[in-house]
Amino acid sequence: MASLGVTPRSEDYARWYTDVVQKADLADYSPVRGCMIIKPYGYELWEAIKRELDRRFKATGHQNAYFPLFIPMSFMEKEAEHVEGFAPHLAVVTHGGGQKLDEPLVVRPTSETLIGHAFSKWIQSYRDLPLLINQWANVVRWEMRTRLFLRTTEFLWQEGHTAHATYEDAQEETMRMLDVYTDFAVNEAAIPVMPGRKSEKEKFAGALASYSIEAMMGDVKALQAGTSHNLGQNFAKTFEIKFLDENNELKYCWTTSWGVSTRMIGAIVMAHGDDKGLRLPPRLAPYQAVIVPIHRTAEERATVLDAAERIRAMLDDGGVRVILDRRDDVTPGYKFNDWEMRGVPLRIEIGPRDVQNGTVVLARRDLPAGQNKTSASQEGLVGRVIELMDEIQANMLRQATEFRDAHLHEVNSYDELKEVVRDGWALAWFCGRPECEDQIKADTGGATSRNFPLDQEGGEAKCVACGRPAKEKAYFAKAY
RNA sequence: CGGGGCGUGGCGCAGUUGGCUAGCGCGCUGCGUUUGGGACGCAGAGGUCGCCGGUUCGAGUCCGGCCGCCCCGACCA
């Protein structure tokens, strides 16, 4: 590679992002337009995300299942808003086994229709409710413009689908999963997301109400990092998901769906990355610590590697995800930069001096060069490292929160809003009308409502854009 | 789909108004010296210049068409 580092963020943020994703070995382009190859290091990160989300899904009573990739075209067409929303993005299979199919098959862009169909067969009684299902799957959406992890033609995600007896139960589920996503983003990914309700214009095709967690990226743009939808009875009516209640009355179910995708990896890259590359939160990092041995002579090499291996085994036993970089063909300096680019939270250096003193040098990825190195005793190192993981995790969340808050502004006038969204997020009274949102988008060069935050102070005021009555405030920002 | 940029060893690029054996850096292989912030020497391997057609004595270079990729917009997780 001509340049070993990445393009500085200030020079070209989009280029920086692409550089980091590729040079940190997360993903590569594929022969097919818009598709990506997730490389082992990137996939391990995804596995960590899956692990933490799945744990939370199970803890809230959900079970995993798997539904097919192909959906009959007619299913997609049953729900009017849904087909309108997804039709432009569908990949359609017209031939199979060399024969033209009687009915084209859609490669799932999302599975509400197919799962709705299955639910209609599974549910008869109120005793079958709630039905709480999740699936981990790939989906395909033929988007105009793609970017690694942020928007690819095929992507990996989880989609939760649930059915309930009442609106209240469905709404409670919708909010519960939004909470799960918020908790995951804040406590695992160290991203201080903003949970809230989507506007009429931004909500999911076919939903009663959509909720999202919105994350601020390093260029201040917003990224929708997860969504939770109350689908009302729209899909239940379309797919005949009915049950007999306690009074022997036949009723339609209330359903929800919610999803988080590989886009979360893009969110982590852009929420935490710096000009040296990736910075991973310890709780999700494939490697939480890397040991870099330093030596000159053959004897030094032997004693240093011996000590390094002992420390590696110690940390491994202590539950730390650790790797010992034994490469002989590159210098320690190269390794330092290499692992920094890959975002490993903690580097443990060990050289002849350390072996003699019974110490190691600890270098934190979350602190700036010059104030990130300390010496530590090998004795009690496991405890110290585990402690540091928590410190680094907390510090990354603190850094991201400070950055977010520095770019969040409450505004009281339209002029103020237009000014703020150039380099920040604006919180403003908003009537929620699509026409009004279109106007704001046109006047601001692309800013859209992100969501209505959950914690509203109440009251009523004039919409910042049109002056009509508004009951809530919404965040506005340019978004990915 | 509109605007911009780009296709030359694995990666990043140079290649003048067409000209002789297509170069450079990084990476890769071997040997030796190195190693506390991106090491160095020597010897090697690796190319139908995106594809098709045309102009010409001669095309990486000029012309036409096609394909692909990246970035910016409209659309979206």
Side-chain angles (χ1 to χ4, degrees), chain A residues 1-5 7 12-19 22-23 28-35 84-90 109-110 138-159 181 198 201-205 210 212-215 222-229 257-267 276-277 292-298 300-301 304 325 327-341 347 349-355 359-361 363 369-370 372-373 375 438 441-442 445-446 448 478-480:
Chain A
M1 248 166 264
S3 67
L4 292 163
T7 305
D12 183 342
Y13 196 82
R15 181 77 187 278
W16 168 85
Y17 175 77
T18 316
D19 279 0
Q22 288 180 89
K23 293 190 174 182
D28 203 354
Y29 291 102
S30 89
V32 178
R33 191 201 87 91
C35 295
E84 193 186 326
F86 281 101
H89 307 295
L90 295 180
T110 180
N138 59 336
V139 285
V140 167
R141 298 181 189 178
W142 221 264
E143 302 290 353
M144 290 298 173
R145 209 180 127 223
T146 59
R147 292 188 67 187
L148 295 170
F149 289 115
L150 297 180
R151 191 181 308 101
T152 45
T153 302
E154 178 189 10
F155 58 94
L156 306 183
W157 77 346
Q158 59 69 215
E159 48 180 325
Y181 288 158
K198 284 299 209 182
K201 185 172 159 56
E202 293 280 325
K203 76 172 191 189
F204 180 74
S210 286
S212 69
I213 51 170
E214 301 284 332
L223 184 74
Q224 180 173 305
T227 49
S228 185
H229 313 289
S257 70
W258 27 275
V260 157
S261 72
T262 34
R263 170 181 271 193
M264 183 58 81
I265 292 176
K276 286 179 164 182
V292 177
I294 297 152
H295 45 76
R296 292 169 209 274
T297 64
E300 278 181 3
R301 181 173 184 280
V304 166
D325 189 346
R327 286 179 291 179
D328 271 330
D329 53 335
V330 289
T331 62
Y334 181 93
K335 292 178 182 176
F336 294 171
N337 287 287
D338 195 36
W339 290 109
E340 279 166 5
M341 185 154 67
R347 181 176 68 244
E349 305 172 17
I350 177 161
R353 288 201 299 269
D354 298 300
V355 171
T359 58
V360 293
V361 171
N372 66 332
K373 285 200 189 189
S375 185
D438 285 340
K441 190 169 185 179
T448 51
K478 290 177 182 171
Y480 276 95

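Order of the sequence lines fixes the chain letters, A, B, ..., with proteins taken first and strands second; residue numbering starts at 1 for each chain. No hydrogens, no waters, no symmetry mates; every other heavy atom, side chains included, goes into these values.
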Quiz item: For Gln224(A), which contact category applies under a 4.0 Å heavy-atom criterion: base, sugar-phosphate, or nothing?
Solution: sugar-phosphate
Practice problem: Assign Arg353(A) to base, sugar-phosphate, or nothing according to its heavy-atom contacts below 4.0 angstrom with the strands shown. | Solution: base
Quiz item: Taking the nucleotide of RNA chain B with the closest heavy atom to each, which residue, Gly445(A) or Thr152(A), is nearer the 5' end?
Solution: Gly445(A)
Exercise. Considering non-hydrogen atoms only, spot the tightest contact between Cys35(A) and Thr153(A) and give its length.
Key: SG-CB, 4.0 Å
Quiz item: Among A77(B), G36(B), C76(B), which nucleotide sits nearest the side chain of Ser261(A)?
Solution: A77(B)
Quiz item: So what does Thr262(A) touch, heavy atoms closer than 4.0 Å: a base, only the sugar-phosphate, or nothing?
Solution: nothing
Self-check item: Any donor-acceptor N/O pair under 3.5 Å between G36(B) base and Arg296(A) side chain
Solution: no
Quiz item: Whole Å only: how far is the CG atom of Asp325(A) from the P atom of U35(B)?
Solution: 17 Å
Quiz prompt | Thr331(A) side-chain N/O to A39(B) phosphate OP1/OP2 under 4.0 Å | solution = yes
Quiz item: Base, sugar-phosphate alone, or nothing: which one does Thr153(A) contact when heavy atoms must sit under 4.0 Å apart?
Solution: nothing
Self-check item: Nearest heavy atoms of Gly85(A) and Ala205(A), plus distance in Å
Solution: CA-CB, 3.9 Å
Quiz item: Applying a 3.5 Å limit to both distances, which nucleotide forms a Watson-Crick or G-U wobble pair with C20(B)?
Solution: none
Exercise. Please report, rounded to the nearest Å, how far the C1' atom of C6(B) is from the CZ atom of Arg15(A).
Key: 11 Å
Quiz item: Between C75(B), U35(B), C71(B), which nucleotide has the shortest distance from any of its atoms to the side chain of Glu143(A)?
Solution: C75(B)
Quiz item: Applying a 3.5 Å limit to both distances, which nucleotide forms a Watson-Crick or G-U wobble pair with G46(B)?
Solution: none
Quiz item: What nucleic acid atoms does Gly351(A) come within less than 4.0 Å of, heavy atoms only: base, sugar-phosphate, or nothing?
Solution: base
Quiz item: Between the base of C76(B) and the side chain of Arg141(A), is there a donor-acceptor distance below 3.5 Å?
Solution: no
Quiz item: Rounded to whole angstroms, how far apart are CG on Asp329(A) and P on G38(B)?
Solution: 16 Å
Exercise. Tell me what Asp12(A) touches on the nucleic acid: a base, only sugar-phosphate, or nothing, going by heavy atoms under 4.0 Å.
Key: nothing
Exercise. Please state the P separation for the pair U17(B) and C62(B) - nearest whole angstrom.
Key: 9 Å
Quiz item: What about Asp338(A): does its side chain form a donor-acceptor pair under 3.5 Å with the base of G38(B)?
Solution: no
Quiz prompt | Nearest-nucleotide comparison on RNA chain B, the residue closer to the 5′ end among Leu148(A) and Lys203(A) | solution = Leu148(A)
Quiz item: Sub-3.5 Å donor-acceptor pair from the side chain of Tyr17(A) to the main-chain atoms of Leu148(A), do we have one?
Solution: yes
Quiz item: Would you call Phe155(A) stacked on A77(B), i.e. ring centres under 5.5 Å apart with the planes less than 30° off parallel?
Solution: yes
Exercise. Supply the atom-to-atom distance Ser261(A) OG to Leu150(A) CG, rounded to the nearest 0.5 angstrom.
Key: 9.0 Å
Exercise. Would you mind classifying the nucleic acid contact of Val292(A) as base, sugar-phosphate or nothing, using non-hydrogen atoms under 4.0 angstrom?
Key: nothing
Practice problem: Drop me the distance from Thr448(A)'s OG1 to Lys198(A)'s NZ, to the nearest 0.5 angstrom. | Solution: 6.5 Å
Practice problem: Mark yes or no for whether Arg263(A), through its side chain, and Phe149(A), through its backbone, hold a donor-acceptor pair below 3.5 Å. | Solution: no
Quiz item: Rounding to the closest angstrom, what is the interatomic distance between G5(B) and G19(B) at atom C1'?
Solution: 30 Å
Quiz item: Are the side chain of Asn372(A) and the backbone of Ala369(A) linked by a donor-acceptor contact shorter than 3.5 Å?
Solution: no
Quiz item: For Tyr480(A), which contact category applies under a 4.0 Å heavy-atom criterion: base, sugar-phosphate, or nothing?
Solution: base
Self-check item: Rounded C1' spacing from U61(B) to C49(B) in Å
Solution: 10 Å
Quiz item: Is the phosphate of A77(B), meaning OP1 or OP2, less than 4.0 Å from a side-chain N or O of Ser212(A)?
Solution: no
Self-check item: Donor-acceptor pair (no angle test) under 3.5 Å: Lys373(A) side chain, G37(B) base
Solution: yes
Quiz item: What's the OH-C1' distance between Tyr17(A) and C70(B), to the nearest Å?
Solution: 14 Å
Quiz item: If you check every side-chain atom of Val361(A), which of C75(B), G38(B), G36(B) has the closest atom?
Solution: G36(B)
Quiz item: Between Tyr334(A) (OH) and G27(B) (C1'), how many Å, whole number?
Solution: 9 Å
Quiz item: Are any of Lys23(A)'s side-chain N or O atoms less than 4.0 Å away from OP1 or OP2 of G12(B)?
Solution: no
Exercise. Please tell me which of the listed nucleotides, A77(B), G38(B), C71(B), lies nearest to the side chain of Asn337(A)?
Key: G38(B)
Quiz item: What nucleotide among G36(B), U35(B), C71(B) has an atom nearest to a side-chain atom of Asp354(A)?
Solution: G36(B)
Quiz item: Between A77(B), G37(B), U35(B), which nucleotide has the shortest distance from any of its atoms to the side chain of Thr227(A)?
Solution: A77(B)
Self-check item: Separation of the C1' atoms in G25(B) and A14(B), to the nearest angstrom
Solution: 10 Å
Quiz item: If the C1' atom of C40(B) is compared with that of C26(B), how far apart are they to the nearest Å?
Solution: 15 Å
Quiz item: Reckon Glu340(A) touches a base, only the sugar-phosphate, or nothing at all at heavy-atom distances under 4.0 Å?
Solution: base
Quiz item: Is it the case that more than 12 heavy atoms not belonging to Arg15(A) sit under 6.0 Å from its CZ atom?
Solution: no
Quiz item: For Arg327(A), which contact category applies under a 4.0 Å heavy-atom criterion: base, sugar-phosphate, or nothing?
Solution: nothing
Quiz prompt | Electrostatic pair Glu340(A):Lys276(A) at N-O distance under 4.0 angstrom | solution = yes
Self-check item: Sugar-phosphate only, base, or nothing, as touched by Pro88(A) at under 4.0 Å among non-hydrogen atoms
Solution: nothing
Practice problem: Can you tell me the pairing partner of C26(B) across any strand shown, Watson-Crick or G-U wobble, with both distances under 3.5 angstrom? | Solution: G10(B)
Quiz item: When all nucleic acid strands are considered with a 4.0 Å heavy-atom cut-off, which category describes Leu150(A): base, sugar-phosphate, or nothing?
Solution: base
Practice problem: Name the orientation class of the two ring planes belonging to Phe155(A) and Trp157(A) (parallel below 30°, tilted from 30 to 60°, perpendicular beyond 60°). | Solution: perpendicular
Quiz item: Whole Å only: how far is the NZ atom of Lys478(A) from the P atom of G73(B)?
Solution: 9 Å
Quiz prompt | Whole-angstrom distance between G54(B) and G38(B), as gauged at atom C1' | solution = 49 Å
Exercise. Ignoring the backbone of Pro332(A), work out which of C70(B), C76(B), G36(B) is nearest its side chain.
Key: G36(B)
Quiz prompt | Length of the NZ-P vector between Lys335(A) and G37(B), whole Å | solution = 13 Å
Quiz item: Roughly how many Å is it from CD1 in Ile350(A) to C1' in G37(B), rounded to a whole number?
Solution: 18 Å
Quiz item: If pairing requires Watson-Crick or G-U wobble contacts with both distances under 3.5 Å, which nucleotide is the partner of U34(B)?
Solution: none
Quiz item: Using the P atom in both, what is the distance from C20(B) to C13(B), to the nearest Å?
Solution: 25 Å
Quiz item: What integer number of Å spans the P atoms of C66(B) and C71(B)?
Solution: 24 Å
Practice problem: Please determine, for the side chain of Pro352(A), which listed nucleotide (A74(B), G36(B), U35(B)) has the closest atom? | Solution: G36(B)
